[in-house]
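A short write-up of the structure that comes next.
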Amino acid sequence: MKIVKPTEGPEITISSIKADIGGFVGHSESHPEVLEIARQLLEQAKTDGLLIDFRVQHCGDDMFLIMSHMHGEDSPVIHGLAWDTFVAAANKAAELKLYGVAQDLIGDAFSGNVKGMGPGSAEMTFTERPSEPIIVFMGDKTSAGAFNLPTYKMFADPFNTPGLVIAGGLRPGFTFEVHDQQKHRWIKFDMKTQREECLAHIGAPGRYGVKRVFNNSTGLIAAVTSLDKLTQVAGKYVGKDDPTAIVRCQGDFPAVGEVLESFTTAWTVEGWMRGSHHGPWMPVAERDSHPSRFDGPPRVVALGFQLAEGKFVGPRDLFDDAGFDRARDEANRIADYLRKHGPFEPHRLGLEDMEYTQMSEIEEVLEGEWQPLTDTAKPEIRGDAGEGAD
Ligand code: F6R
Ligand code: MG
Ligand code: MG
């Protein structure tokens, strides 16, 4: 029997572009009819030759358009298609009177790229290997930067990824492209020689986010995440960033199991209720990605695909596995513990991160009532307090 081994495929771009265009019920889930509208539009785009293939998936109230094509990254054609798809889906959401219709469609006039318009995007271009396993991650009720810690674990921690110690293609390590969200600049850190410098930055995921990861021996792109921040677009809290990421696996990249291993701890992320709380990031199957308790806890879904000439073979729902039961138990235990803090930090975010929430309105109302801390301003103690005291 002769087996014809697969060969290298074409150079393709994988785009994961996502938006919350309306929740069912409240902010907890996506409605199947809304997802169906998006599928119909992308099917037409595939028939028209714009896309090689696509999947429309969801995590909670966020819709993820996972597309393969030959238009490269930041293509006005693909971004325009994504925008039009979100708008059509939002119209369906409006018809069903879902909650928060068009929440993430903030910009008024589409100008060729969804960046700065509300949706999040992660895109990478590469020549398809003879066998190309990838994982698309989808998050809900959390923020840009949430992937920093798991990305560090999968690409730079030998205790998570033994390939960094024993696999020739991984031993030279990986380089992280880190974006500074405050000063709008970027830098590269070689994780073999600048690990500590990198950690000093990405340990603050609210400001610094790992955007891309490259293999040091081949220079090939290994991972990309969305770092789009809704508050920076809207100027106030309208919803969380709910990020996405694409990771290439096997061979000169971490194995599927090494990538997933980095989610066996329910890491603390920001988001959850009103985007104003720290909570555990729970790895779940897509069917369990409907954050309900206290609008959470935050969720992450991992969809695995094999690519075949740019076509998606899959998804396999990778957290749909008993191996992640303990991470889910841990998440529930942490959720119980943190919830006991009620409105107190560190469950509630620190003041700096509350800046974009309704906190600023409360501060404004009380502004005139504050008195300076001088001696004369000390409250008087009236009555007979102190009488008879020694
Ligand atoms: C978190 C989120 C929800 C809402 C909350 C209040 O990302 O979307 O927790 O913030 O349900 O929503 P509104 O203000 O729309 O009633
Ligand atoms: Mg929402
Ligand atoms: Mg969401």
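Counting starts at 1 for both ligands and their atoms, in listed order. We number each residue from 1, following the sequence as shown. What you are looking at is a predicted structure, and each value in this text was computed from that prediction instead of being measured.
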If you measure from the Lys or Arg side-chain nitrogens to the Asp or Glu carboxylate oxygens, is any gap between Asp62 and Lys18 under 4.0 Å?
yes
Presence of salt bridge, Arg293 and Asp295, under 4.0 angstrom
no
Out of the candidates Gln250, Arg248, Gln306, only one should pair with Glu132 under the side chain to side chain donor-acceptor pair (under 3.5 Å) rule; please name it.
Arg248
Within 45° cone of Phe214 ring axis and under 6.0 Å: Lys188 NZ or CZ
yes
Side-chain donor-acceptor pair under 3.5 Å between Gln44 and Asp48, yes or no?
yes
If you look at Asp140, which of its N/O/S atoms is nearest to the Mg ion (ligand 3)?
OD1
Stepwise, does the side-chain contact (heavy atoms from CB on, under 4.5 Å) test hold for Leu170 with Phe253?
CA-CA 6 Å; Leu170 277 76; Phe253 304 113; 5.8 Å; no
Just to be sure I understand the site: which N, O or S atoms from the protein are less than 2.8 Å away from the Mg ion (ligand 2)?
Asp20 OD2, His27 ND1, Asp61 OD2, Gln103 OE1
Got a salt bridge between Arg287 and Asp317, using NZ or NE/NH1/NH2 to carboxylate O under 4.0 Å?
no
Check the pair Ser143 / Lys240 against side-chain hydrogen bond (donor to acceptor under 3.5 Å, both in side chains), numbers first and verdict last.
CA-CA 6 Å; Ser143 287; Lys240 268 293 178 192; 3.2 Å; yes
Ring of Phe305, cation from Arg55 - is the NZ or CZ under 6.0 Å from the centre and inside 45° of the axis?
no
Give a yes or no on whether a salt bridge exists between Arg195 and Asp190, defined as a side-chain N under 4.0 angstrom from a carboxylate O.
no
Which protein residues have a heavy atom under 4.0 Å from ligand 1?
His27, Tyr99, Lys141, Tyr237, Lys240, Trp272, Met273, Arg274, Gly275, Asp295
Which N/O/S atom belongs to Asp242 and is the closest one to the Mg ion (ligand 3)?
OD2
